[in-house]
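Okay, so here's the structure we're looking at.
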Amino acid sequence: MTSTSNRTTPADRSPARLNPRQALRSRLAPHAHRYTQISPTVMRVCIGLIFCWFGVLKFFPRASAAEDFAIRAMTELTLGLIPAQISLCLLAVLETAIGLAFITGFLLRYALTAFFLHMAGVFLSLLLLPNDTWNTYGAVPTLEGQYVIKNIVLVAACLHITADELTPRPATSRT
């Protein structure tokens, strides 16, 4: 008589026989729904903390490494009509307000609108201040240019937050 007990089928494989990556995925899969639910909130609060931090720094002279660049960009954007110190204060208030709204979720849709308008101004600085943002060859950003370009990650994250904010929620029953 021939024994077939040594043969295994895919159905017989336990998670322990999976490679380490597959085993990890199978253990985390039941939690994916929870991560999907909380990720926009976690992302929103983290971005809010960053905006509050950098916004508050602008209230204190020379505390922000980007202060001079921000003043030059605001001067260009406002055509020099708003004095530098006032524009820096307005920028500090705007960034702090966006940050607080992101952290609390209060007036979030207005904060998202303000965020995207702010980012439009930030990215415009790449065009308005080319000597400050690009090296001679044009494709190599300076440190200030890198400071601006990294904001594309914040834009992508806020698109995710916006999609979550605009997604209708099912009505909850009250008992």
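Atom set for the values below is all heavy atoms of this structure, side chains included, hydrogens, waters and symmetry mates excluded.
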Can you tell me how far the CG atom of Leu91 sits from the CD1 atom of Ile86, to the nearest 0.5 Å?
13.5 Å

What is the distance from atom CZ of Phe115 to atom CZ of Phe102, rounded to the nearest 0.5 Å?
6.0 Å

Counting neighbours of OH on Tyr110 that are heavy atoms of other residues, nucleotides or ligands and sit closer than 6.0 Å, is the number greater than 12?
no

Take atom CG of Leu49 as the centre, draw a 6.0 Å sphere, and report whether it contains more than 12 heavy atoms from other residues, nucleotides or ligands.
yes

Can you check whether Thr162 reaches Phe116 side chain to side chain, under 4.5 Å on heavy atoms?
yes

[X] (side chain) donor-acceptor with [Y] (main chain) under 3.5 angstrom:
X      : Y      : value
Thr142 : Asp132 : yes
Trp134 : Leu126 : yes
Asn151 : Leu154 : no

Using the rule given for side chain to side chain contact (heavy atoms under 4.5 Å, CB included), can you reason through His160 versus Ser39, listing the C-alpha separation, both sets of side-chain angles and the distance that settles it, and then say yes or no?
CA-CA 9 Å; His160 180 69; Ser39 69; 3.6 Å; yes

Should Phe54 and Val153 be counted in the same cluster of Ile, Leu, Val, Met, Phe, Trp and Tyr side chains packed under 4.5 Å apart?
no

Closest approach of Ile152 and Phe123, non-hydrogen atoms and distance?
N-CZ, 3.6 Å

Side chain to side chain donor-acceptor pair (under 3.5 Å) contacts in which one or both residues fall within residues 111-127, not counting sequence neighbours:
Glu95-His118

Would you list the pairs meeting side chain to side chain donor-acceptor pair (under 3.5 Å) in which at least one residue belongs to residues 75-89, sequence neighbours left out?
none

